[in-house]
Amino acid sequence: MLNIRYEKTTNPKEIPGKDNPLNFGTIFTDHMFIMNYETGKGWFDPRIVPYQPLELAPSSMVFHYGQEMFEGLKAYKTKDGRILLFRPDKNAERANNTNKRICIPEIPKEDFIQAIEAVVKMDKAWIPTKPGTSLYIRPFIIATDPFLGVRPSNTYLFMIILSPVGAYYPEGLNPVKIWIEDDYVRAIRGGVGEAKTGANYCASLKAQVKAHDEGYSQVLWLDGVERKYIEEVGAMNIFFKINGTVVTPKLNGSILPGVTRDSVISLCKHWGIPVEERKVSVDELFEAAKNGTLEEVFGTGTAAVISPVGHLRFEDHVLQVKDGGIGELSKKIYDTITGIQLGEIEDEFGWTLEIK
Ligand code: COI
C-alpha cells in the first residue's frame with residue numbers, strides 16, 4: 001500500500017468545455033503521479049504533484065537507449081456520477097510483463113492500481129462526459145541513471161499523466177484506410193514486440209509516414225520473418241470476420257496483447273460467435289474478399305476502442321471491405337464495450353473498477 005503525499009496545484013487550468021473536440025493526447029490535467037526507484041531502496045516517495053516539466057540530466061539513460069515502458073487505459077464518468085476504470089488489473093499485469101522484458105523493476109499490481117485511482121480521483125473534474133470521450137490515463141516509467149554505458153538503469157521514475165480525449169482517429173467510428181506494409185517490419189519474435197515500450201512505436205514511424213503520404217491512416221504489420229502473416233496495426237490489434245467466424249492473429253511474441261483484444265474475444269465467445277486465434281495470411285484475406293466471405297475488419301485498442309477498417313492496400317492491390325461502412329458486429333462490440341465502460345450495460349465480466 002502506497003503512502004501517497006499530495007501537493008495540490010495553486011494554479012488550476014481551465015477544464016475544456018463541452019464544445020472542445022478533445023483531440024487525442026493534446027490536453028493534460030492539473031496533476032500527475034510520480035514515484036522514484038533506486039536499486040537497494042525500491043520504489044519510494046509516491047506523490048501527486050501539479051502537472052509540470054521534469055528536470056533530467058541529458059545523460060539520463062532513457063534518452064540514449066530507450067529503456068522505458070508505458071501503458072494506456074481510460075476512466076469514465078457514469079450518468080449517476082460514478083467513476084469507472086476498465087480492467088486496470090490487465091494493464092498492471094502487462095506493465096510488469098513489459099518491465100520484466102526490458103529490465104525495469106516491477107511495481108506491485110495493487111500499488112499500480114492505487115496510484116491510478118488516486119490521481120484520477122484528484123482530477124476527476126476533468127473526466128469528460130460527452131459520448132465518445134473519456135479520461136485517457138498514461139502510466140509510464142523511464143530510466144534515469146546519468147550514464148552512457150549500456151546496462152539496465154539503477155534509478156527510475158514512474159509517472160501517470162491524464163488527458164481528456166475524444167476519438168483517437170479523426171474518422172471516429174467511420175472506417176479507416178489501412179496500408180499493409182511489405183517492406184519495413186515492426187517487430188520480430190524474441191524482440192520487444194509484445195512489450196509496451198517506445199521502441200515498437202519508433203520502429204513504426206517510417207512506414208506510417210509512407211502510408212500517410214499515400215492517404216492511409218494506419219499501417220498493418222506483417223510478421224518479420226516470412227512477411228506473409230498479419231500481426232497488428234501498432235496502435236491496435238486487428239480482427240476479421242470471415243464467413244461468420246471472428247479471426248484474429250494468435251499472440252506469438254511479436255504482437256501486443258491488447259486489453260480490448262482480450263475483451264472482444266471474451267465477448268464474442270460469450271455471444272456464441274466462433275472465434276479463432278491463429279495465423280492469418282494476407283493471401284487468405286484477399287482470397288476471402290474475392291470470394292465474398294470477408295464480412296468485417298476492425299481494429300481494437302484502448303485509445304481507439306473499435307475502429308472499423310473499410311479499405312486495405314497491399315502492394316498494388318486494394319481491398320474494399322463490403323460496402324465500406326461499419327459492420328454489424330463491429331458496431332455491436334463497440335456499443336457493448338463502451339456501454340460497460342460507461343456503466344450503462346451490466347458488467348457481467350467484472351471488468352470495471354469503481355473509484356470511490
Ligand atoms: C492505447 O491504445 O492506449 C495505446 O497505447 C496505443 C497508443 C498508440 C495510443
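Computation of the quantities below employed the complete heavy-atom set of this structure, encompassing side-chain atoms and omitting hydrogens, waters and symmetry-equivalent molecules. Order of listing sets the numbers, starting from 1, for every ligand and every atom in it. Residue numbers count from 1 along this sequence. Owing to the predicted nature of the structure, the values given are computational and were not obtained by experimental measurement.
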So which of Q341, E344, R82 actually passes side-chain hydrogen bond (donor to acceptor under 3.5 Å, both in side chains) with Y76?
Q341
Give every pair formed by an N or O atom of ligand 1 and a protein N or O atom closer than 3.5 Å, one pair per line with both atom names and the distance to 0.1 Å, or write none.
unit_1: ligand 1; atom_1: 2 (O); unit_2: T302; atom_2: N; d: 3.3
unit_1: ligand 1; atom_1: 2 (O); unit_2: A303; atom_2: N; d: 2.8
unit_1: ligand 1; atom_1: 3 (O); unit_2: Y136; atom_2: OH; d: 2.6
unit_1: ligand 1; atom_1: 5 (O); unit_2: Y136; atom_2: OH; d: 3.3
unit_1: ligand 1; atom_1: 5 (O); unit_2: K196; atom_2: NZ; d: 2.9

On the 0 to 90° scale, with breaks at 30° and 60°, tag the F28-Y51 ring pair as parallel, tilted or perpendicular.
parallel
Output yes when K206 and E181 qualify as a salt bridge under the 4.0 Å nitrogen-oxygen rule, no when they do not.
no
Name the one of T302, T352, D262 that satisfies side-chain hydrogen bond (donor to acceptor under 3.5 Å, both in side chains) with R87?
D262
List the atom of E226, the atom of K279, and the distance in Å for their closest heavy-atom pair.
OE2-NZ, 4.4 Å
As an exercise, state the distance from CG of N99 to OH of Y156, rounded to the nearest 0.5 Å.
9.0 Å
